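The next block holds one structure in the form of structure tokens; read it before the comments.
All of these numbers come straight from a predicted model, not from anything done at the bench.
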Amino acid sequence: MSYLHTKRNIEKNKIAPVYLLTGTEAFLIDDITHSVVNQTLNEAERDFNLSVFEMKETPVDMAIEDAQTLPFLGEKRVVIVKEAYFLTGQRDEAKIEHNVKVLEEYVQNPANETVLIITAPYEKLDERKKITKVLKEKTEVVDSKEFDEKMTMEWLTAQAREFGADITDKGKETLIQLQSGNLLMIANEVKKLALYVGEGGTIDEEIVHLLVARTIEQDIFSLIDHVIHRRIEKGLDIFFDLLRQKEDPLKVVALLARQFRILYMVSEMSKQGYSQKQMASQLKLHPYVVKLAGQQAKKFNERQLLVWLDGLATVDFQIKTGQMDKKLAVELFLMKMNPKENVVSKA
């Protein structure tokens, strides 16, 4: 089941007896977990009826024993089984003995008074194991994989409404771009923005730019965009602003090289027929970041990108060997970038 569908059910108090939360997007796993706990237990009940068991420290049968215990001073109990690595092919370095048979039997007939949450924050589970098959058949499985662009936009709308605000499409795009698709950071910013606009207010692009700090990765993206459109002064303004923020020019060189590599790889993979989702998975990037890179990559050819990467390698060497002042070396590189001629002079 999708994260968004499960989240809506939880908000409607449709709580499953057992959840299996898988995938590598830790924020989504934590969010579903907190939502279940908040919907099931009040603050006073949590001291007595909320239990968390780390599978790298505690056998799973102890967690199941707790799940079979009646709640104390309340109607429900929530038991969280964290990092169920025994569902994967991982080896147990701690040598904990897990009686997974007990877990298999429990999910066949879970306690009415307990909500059991099993987290397996891994990209893949071992489908050959019986316990994995049983859990996937008998529990509500939520795959907390990275959102695509459509799901991110839907999630942002829900996040804003949770705090009594609306958010425009342009506001969403700007926020995703500024936070490089990091869901945890975006969620924190939405709360701040919603408080700023107030109940019933609207978060738009202007408010996002006003209140959300730019990341250095976003500054690098904008710097490149200015330079390739011959807005050299604006590009240099961003570079000088980064220096005022005490960013090392060598870090700027590394981030420029990283962005050019992303542009090159997105360009090549697009030619080979990869989808945006496939590229995001291969490159370990948010789909929206890949979308922006694809738009920017269309303004270059591969030779141009390779020449710039070679130029940055030269700049890095000159700085590290003391041949040039690092601030001056980067400044000259940016001034000599010339997309029209498909070349860049080495600083």
Side-chain angles (χ1 to χ4, degrees), residues 173-182 185-186 189 208-268 279-280 283-286 288-347:
E173 290 175 4
T174 305
L175 184 54
I176 295 168
Q177 185 176 348
L178 288 175
Q179 298 302 319
S180 300
N182 185 301
M185 293 169 64
I186 291 172
E189 293 296 339
V208 173
H209 276 303
L210 177 67
L211 296 182
V212 179
R214 299 172 69 90
T215 63
I216 185 171
E217 288 81 8
Q218 181 57 36
D219 280 332
I220 294 297
F221 186 92
S222 297
L223 187 158
I224 292 172
D225 204 54
H226 284 310
V227 172
I228 64 173
H229 285 97
R230 297 182 174 276
R231 299 188 294 263
I232 302 296
E233 288 187 7
K234 289 186 177 180
L236 289 173
D237 283 344
I238 292 176
F239 174 56
F240 295 144
D241 188 52
L242 290 172
L243 294 180
R244 285 190 289 271
Q245 296 173 41
K246 307 300 182 185
E247 296 290 356
D248 191 323
L250 274 172
K251 183 178 180 180
V252 174
V253 169
L255 288 172
L256 282 169
R258 176 180 180 272
Q259 184 62 22
F260 285 137
R261 279 194 295 271
I262 290 173
L263 295 178
Y264 179 80
M265 294 179 76
V266 166
S267 178
E268 283 294 300
M279 286 188 280
L283 300 176
K284 306 297 182 186
L285 297 170
H286 190 277
Y288 193 75
V289 174
V290 172
K291 177 184 176 180
L292 293 177
Q295 292 171 350
Q296 200 173 57
K298 291 177 182 176
K299 300 163 187 173
F300 309 105
N301 60 47
E302 287 80 358
R303 178 174 177 271
Q304 198 169 51
L305 293 168
L306 291 173
V307 169
W308 282 335
L309 281 168
D310 184 58
L312 285 167
T314 300
V315 170
D316 183 78
F317 177 78
Q318 290 173 332
I319 292 173
K320 290 178 177 177
T321 56
Q323 296 179 43
M324 288 196 72
D325 172 77
K326 54 187 177 181
K327 171 181 171 295
L328 179 60
V330 178
E331 188 176 346
L332 286 174
F333 174 83
L334 295 175
M335 292 177 69
K336 292 177 182 178
M337 284 177 66
N338 191 340
K340 188 175 181 180
E341 296 178 7
N342 294 335
V343 294
V344 62
S345 301
K346 296 180 181 180

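- We find the CE-CD distance between M265 and E302 to be 13.0 Å, quoted to the nearest 0.5 Å.
- The shortest distance between side-chain heavy atoms of D225 and K299 falls below 4.5 Å.
- Residues Q318 and T321 approach most closely at O-OG1, 3.4 Å, considering heavy atoms.
- Residues V252 and I220 have side chains in contact (heavy-atom distance under 4.5 Å, counting atoms from C-beta outward).
- Considering only heavy atoms from C-beta on, R261 comes within 4.5 Å of R258 through its side chain.
- Atom CH2 of W308 sits about 11.0 Å away from atom CG of L256, to the nearest 0.5 Å.
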Side chain to side chain contact (heavy atoms under 4.5 Å, CB included) assessment of V208 paired with E189: CA-CA 9 Å; V208 173; E189 293 296 339; over 6 Å; no
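- Side-chain contact between I216 and K251 is present, with heavy atoms from C-beta onward closer than 4.5 Å.
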Evaluation steps, side chain to side chain contact (heavy atoms under 4.5 Å, CB included), between I186 and I176: CA-CA 7 Å; I186 291 172; I176 295 168; 4.3 Å; yes
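- Nearest heavy atoms, A213 versus Q179: O-NE2, 3.7 Å.
- In terms of heavy atoms, D325 sits closest to L328 at OD2-N, 3.0 Å.
- Between D219 and L223, every side-chain heavy-atom pair lies at or beyond the 4.5 Å cut-off.
- A salt bridge is defined here as a Lys NZ or Arg NE, NH1 or NH2 lying under 4.0 Å from an Asp or Glu carboxylate O, and D241 with R244 meets this definition.
- Residues L332 and V315 fail the side-chain proximity criterion, which asks for heavy atoms closer than 4.5 Å.
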Side chain to side chain contact (heavy atoms under 4.5 Å, CB included) assessment of F333 paired with T314: CA-CA 10 Å; F333 174 83; T314 300; over 6 Å; no
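- Separation of atoms CD (E331) and NZ (K327) is listed at 4.5 Å; rounding is to 0.5 Å.
- Atom CZ of F240 has more than 12 heavy atoms from other residues, nucleotides or ligands within 6.0 Å.
- Among all heavy-atom pairs drawn from I238 and S222, the shortest one is CD1-CB, 3.8 Å.
- Within 6.0 Å of CD on Q245 lie more than 12 heavy atoms contributed by other residues, nucleotides or ligands.
- For the pair V212 and T174, the minimum side-chain heavy-atom distance is 4.5 Å or more.
- Within the 3.5 Å criterion, the main-chain N or O of L263 finds no donor-acceptor partner in the side chain of S267.
- Of the inter-residue distances, the one linking D237 atom CG with L242 atom CG reads 11.0 Å to the nearest 0.5 angstrom.
- Taken from CD in Q259 to CG in L292, the straight-line distance is 9.0 Å, to the nearest 0.5 Å.
- Looking only at side-chain heavy atoms (C-beta outward), K326 and V253 stay at 4.5 Å or farther from each other.
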Verdict with reasoning, V266 to Q296, per side chain to side chain contact (heavy atoms under 4.5 Å, CB included): CA-CA 10 Å; V266 166; Q296 200 173 57; over 6 Å; no
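- For the atom pair I232 CD1 and K336 NZ, the distance stands at 12.5 Å (nearest 0.5 Å).
- The two residues I319 and A329 have their closest heavy-atom pair at CG1-CB, 3.9 Å.
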